[in-house]
Protein chains: 2
Amino acid sequence: MHNALPSLPAIRAFEAAARLLSFTKAGSELGMTQAAVSYQIKLLEEKLGFPLFHRNARRIELTDKGKQLSLKVIDAFEALREAFYDVRNENDTLLVVSSNTTFALNWLATRLVHFQLANPDIAIRIVPYGPAARPEFLNSDVSISACYAPPKGWCHHRLVDATFTPMLSPELAETIGGVHSAEDILRLPLIDPGDPWWKIWFDKAGIKDVDLSNRPATRMGSQALEANRAIAGQGAGILTPYFCKHALENGLLVQPIDILASIDDEAWYLSYPPANKKSRKVRLFRDWILTELQKDGVLAEQAQKYNA
Amino acid sequence: MHNALPSLPAIRAFEAAARLLSFTKAGSELGMTQAAVSYQIKLLEEKLGFPLFHRNARRIELTDKGKQLSLKVIDAFEALREAFYDVRNENDTLLVVSSNTTFALNWLATRLVHFQLANPDIAIRIVPYGPAARPEFLNSDVSISACYAPPKGWCHHRLVDATFTPMLSPELAETIGGVHSAEDILRLPLIDPGDPWWKIWFDKAGIKDVDLSNRPATRMGSQALEANRAIAGQGAGILTPYFCKHALENGLLVQPIDILASIDDEAWYLSYPPANKKSRKVRLFRDWILTELQKDGVLAEQAQKYNA
DNA sequence: GTTATGCATAAATCTTCCTTATGCATAAGG
DNA sequence: CCTTATGCATAAGGAAGATTTATGCATAAC
C-alpha cells in the first residue's frame, strides 16, 4: 500500500517552514536554529527527489510540488495538534478516581469537598468498585484499592493499614449483658462469618481454630455494608476502626475488645500508572490525600515508598 | 494557541500500535523492535500524563483516552501518507525539463522520442524559456541553460561548449561572389549585430574593434530564430555549428570561414537542484543526454564535473 | 555604499532513538 | 498440571541522526 513516511523531524520542519514561509521563523517556533531547519528540509528534498522551496535572496517560496504537499501536511499537523490539545485539556480538568467502596463511602464522601474547594479547576468523578474489579481496567487516573498490592509496576502509596476488630451496636452487646471477652463475641451472630479476618482476629485473641460456618468471603469491599448492619444490631462485624470513627464517636457502635489484628501488606493503597506520575491533577490529589491522612495520624509508615 | 506536539517518533509508534493493537506488529511495520515501540509509548504516556494502553497479559487494549486520541491520530497519519504518496507518484512519472529555446528546438525536438521509447513510464513536459528566465523559478526537474553557469549550488553538467562562427545561406554568399574572408562578412547584413559574439569572433579573425551598430543583445536564447533568418537569406548569423548540423548537411547554410570562437565557461549546461540527485527520472534523463552527446562527439570535456 | 537580513554549509557535539539481552506473566498445548 | 510459546517491560550500550556554532554569501533596505 502506501510507503513509509520520510523522516518525521524533516516533515515537521517542512510543515512549519511552509506555513511561515521562513526557515528562521520555523526554527524559532520549533525551538531550534535556522540551520537545523535548513538541513532538515534539504534532507527531505533529497529523500523525495525534488525541491520543495525556491530559495530567493531574502525569502523562500514553495515550488509547485512543495505547495501541493504543504496544503495536506499542514492540515494533517493541525489535526494532530488538535487531537493532542483535546485529550490533554480534557485530561487536565477531570480527575477520575476509582475507589473501593469502603473508602469511597467512609472517607472520600465526607472529605472530597475540601479538595474540590481547594482545586476548583479540577472536576472529580468517583468510580466505586467492589472487590472483584481490578484497578487497571477502570480507565481511572488514580485508584484506591483495598487489601492487596496495586498492579505491578504502578506507583503506589500505602495509605491506611488494614487493622480490624469486632464492632457491634451497644444494644446488641447489652442483650448478653455486655461483651467482656473474645468468647462473648461467639455468643452473638456474626455479620459475615466467612470473612477470613474473623479467624485471624480470634487467633490473635487466643481462640485457636474457631469454627465458623463457611460462607463465601465478601471482604473489605463491603465493609460499609457490614458496618450498617452492625449499627442496625444484626450482629457483630469485623471492621477497621478508622473507618467507623464517626459511628464510634456517636455511640452507634462500640469496640468491645481492645485487640487489633492485621495482615502483613494488607492495607488501603493509592496507586496510579507510572504514566500519571507527572500529571498535575494526580500529584495534587495524591498530596492532598496523604496530607489528610497524616493529619489524622493514620498514614501508614511506608506511605512514601512509591516509584517516583 | 495549541501546544507543541509530543515527540513525533512516539506519536508514530502510538499510531501503529493503536491501529494494529500490538507492539510487536507495530514494531515490525515500522522496521524496529518491539522494545523500541514499548519504550516510545511509555515516553508518550509519561509526556501526556496518562496511560494510552491497558497492558493485558498477551494483548493490549486502548484506554478511553487512548482510543479517543488514536482515532484522530490514525486519520492524520493516513492523510500524511496519502500526501506523500501522491506527490511522490506524480513525481515519478512526469519529468519536467526546462530548456532554453535553442536546445529545445535544435536538439531535444528530434531526439527526445528515443528517450521516451526507452522509458515509456516517464512522461515528459518541455518548458522552453528565453534568455531572461532563470531556471530556478521554473518548477522544472532539470534545466538546460545556455551560456552562463547554472544556479549556485546546483548539480550541473557541461554539455556542449558554446563555439560560434558566422553562418549564412549559400545564396546570400553568392550575392557578393562568395565569402572568402572575415572582411567579406562585413559586406553583408548581420542578423543580430548586437550579439557580443560578433565582436569576439571578429577579434579572433583578426579584425579588431569592429564597429557594429549597438542594438540590444538577444543572445543564444534566440539562436533558433537567428538560424531561420539566416536560412531565409536575411543576413549572416553568428551560430554554433553543432546546432546547425542539419542545415549545414542539407546545404541550407554554409560556414564560410574555418574560425571557431568561444568564451571561457560559456556553454550549454544541464543542471538540477541537489534535491533531485537521487530522483530516478532525473538520473535516467541525465545519463541519456550525456550518452547521446558523447555519441556525437561533442560532449564537453568537463561534463562529468558536477556535484554528485 | 553600507548595513542588516535570511539561507547555506561544514564540523563537532550531543541527544535521542534503537537494539540486544533479559525477565516476567499468561495463554496454549500436551 | 506442567511445559512451552507468546507478548510486553526494562536496562544498558551503541549508533544514527539531529542540532548548534561559526561562517559565508547574496540581496534588499537604508
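Naming: A, B, ... by sequence-line order, numbering from 1 per chain. For clarity, every value in this text was computed on a predicted model and none was experimentally measured.
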Practice task
With the side chain counted from C-beta on, respond yes when A:I263 and A:I200 share a heavy-atom pair under 4.5 Å apart, and no when they do not.
Solution key: yes

Rounded to whole angstrom units, what separation is found between the [atom1] atom of [X] and the [atom2] atom of [N]?
X	N	atom1	atom2	answer
B:Q40	C:dT16	CD	C1'	9 Å
B:R59	D:dT6	CZ	C1'	14 Å
A:L62	C:dC7	CG	P	13 Å
A:E61	C:dC7	CD	C1'	14 Å
A:R12	C:dT16	CZ	P	11 Å
A:N56	C:dG6	CG	P	14 Å
A:Q34	D:dA18	CD	P	17 Å
B:M32	D:dA15	CE	P	19 Å

Handout entry: Salt bridge B:E61-B:R55, side-chain N to carboxylate O under 4.0 Å
Key = no

Fill in the blank from the handout: Axis-to-axis angle for the helix from C:dG1-D:dC30 to C:dG30-D:dC1, ends of five pairs each, to 10°, equals 40°

Handout entry: Nucleotide nearest B:P9 (side chain, heavy atoms from C-beta), chosen from D:dC8, C:dC17, D:dT20
Key = C:dC17

Give a yes/no answer on whether the side chain of [X] brings an N or O atom under 4.0 Å of OP1 or OP2 in [N].
X	N	value
B:S7	C:dC17	yes
A:K42	C:dT9	yes
A:S38	C:dT9	no
B:T33	C:dT19	yes
B:R55	D:dA9	yes

Problem - 5' precedence on DNA chain C between B:A35 and B:L43 (nearest-nucleotide basis) - result: B:L43

Problem - Sole residue of A:T93, A:N276, A:D141 in side chain to side chain contact (heavy atoms under 4.5 Å, CB included) with A:K281 - result: A:D141

Exercise for the section: Specify whether A:W268 and A:F103 have parallel, tilted or perpendicular ring planes, treating 30° as the upper limit for parallel and 60° as the lower limit for perpendicular. Expected result: tilted

Practice task
Considering non-hydrogen atoms only, spot the tightest contact between A:S140 and A:V96 and give its length.
Solution key: CB-O, 3.5 Å

Practice task
Compare every heavy atom of A:F53 with every heavy atom of A:E45, then report the nearest pair and how far apart it is.
Solution key: OE2-N, 3.2 Å

Exercise for the section: Please determine, by modelled atom types, if B:S98 and B:S143 share a side-chain donor-acceptor pair under 3.5 angstrom. Expected result: yes

Practice task
Classify the nucleic acid contact of A:G27 as base, sugar-phosphate or nothing, counting any heavy atom under 4.0 Å across all strands shown.
Solution key: nothing

